[in-house]
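Taking it in order: structure first as structure tokens, then the write-up.
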Amino acid sequence: MVQRASRDERICGAALVGSAATASEDEFSDIDLALRLSPSASLHSVVDDWTEWMRSEQSVVTSMDVQSDGALYRVFLLASTLQVDLSFWEHDQYGGNGRDAFVVLFGEEGVTRSAGEFRASSALDMAWLYALHVRSALARGRVWQALYMINGLRDQLVAVWSQRAGENPSQARGIDRLAPRQLHRLEATVPFDTTTASLRAAFAAEIELLVQEIPELTAVLTALLADR
């Protein structure tokens, strides 16, 4: 793909992103390749041409698109189960986001785009919303909805812990590198089954962890919770 991109006059740059950009690839890793279009290139024409080439050269089972500002990600799933993510970037949008690795293979660096700042306060706000929905779902006897909300609450806690540890907070990418003590505390937040008792026990464990995060953010809310 890199060789083809270097010969394609409509493409003036390519970069590795994802695990290949951090030398952490393994047998389960996707291939993530970012391609920078020349100023005069037609995005859809290039994408269609590359899609036809991929289908002729590889055993493509299916593909799907993910649209992002300035880019179109075409995700290919091969018969081997390998996932290939080709992102096609408009010329003036191409570049790293300043947070994730971006290794240029040829062409210029491009612009540094904002990745969107992760805010622990916003994650904990979402955690409280999930908590409210866990409570109402349990009260209504909706155990599967309660389980969904319990999982969502845990995801927010994990994101906050990951950022604090200097790990990537997105999609639990850094969770397995958290301290064993933290991971052990998470175990109690996983229900054994969908019985009300199991869900309530997991929910109680999550609330305990969530309340412990509040002093990190606001003394006012800490004082209010102390009275409860």
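The basis for the numbers below is simple: all heavy atoms, side chains too, and nothing from hydrogens, waters or symmetry mates.
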Establish, from distance only, whether the side-chain atoms of Trp161 and Glu213 form a donor-acceptor pair under 3.5 Å. yes
Any side-chain to backbone donor/acceptor pair from His91 onto Ser38? Under 3.5 Å, distance only. no
Value rounded to 0.5 Å, distance of SG in Cys12 from OH in Tyr94: 8.0 Å
Separation of Asp176 CG from Ser162 OG (nearest 0.5 Å): 9.5 Å
Residues Glu57 and Arg4 bridged, charged N to O under 4.0 Å: no
Once rounded to the nearest 0.5 Å, what's the spacing between atom OG of Ser87 and atom CD of Gln93? 12.5 Å
Sub-3.5 Å donor-acceptor pair from the side chain of Glu206 to the main-chain atoms of Leu210, do we have one? no
Using the test salt bridge (charged side-chain N to carboxylate O under 4.0 Å, His left out), find all partners of Asp155 that sit at least two apart in sequence or belong to another chain. none
Heavy-atom count around Glu108 CD within 6.0 Å, excluding the residue itself: above 12? no
Do Ser45 side-chain atoms and Ser42 backbone N/O form a donor-acceptor pair below 3.5 Å? no
Taking every non-hydrogen atom, the tightest pair across Ala21 and Leu16: CB-O, 3.5 Å
Find the distance between CZ (Arg135) and CZ (Phe203) and round it off to the nearest 0.5 Å. 8.0 Å
Charged N-O contact under 4.0 Å between Asp49 and Arg10: yes
If I compare all heavy atoms of Val104 with all of Ala15, which pair ends up nearest, and what's the gap? CA-CB, 3.9 Å
In Å, rounded to the nearest 0.5 Å, how long is the span from CG of Leu78 to OG of Ser63? 10.5 Å
Side chains of residues 179-191: which donor-acceptor pairs under 3.5 Å do they make with residues two or more places apart or in other chains?
unit_1 : atom_1 : unit_2 : atom_2 : d
Arg185 : NH2    : Gln212 : OE1    : 2.4
Thr189 : OG1    : Arg154 : NE     : 2.8
Thr189 : OG1    : Leu186 : O      : 2.6

With rounding to the nearest 0.5 angstrom, report the CG to CH2 distance, Asp48 to Trp53. 15.5 Å
Closest non-hydrogen atom pair between Ala34 and Phe102, with its separation: CB-CE1, 4.3 Å
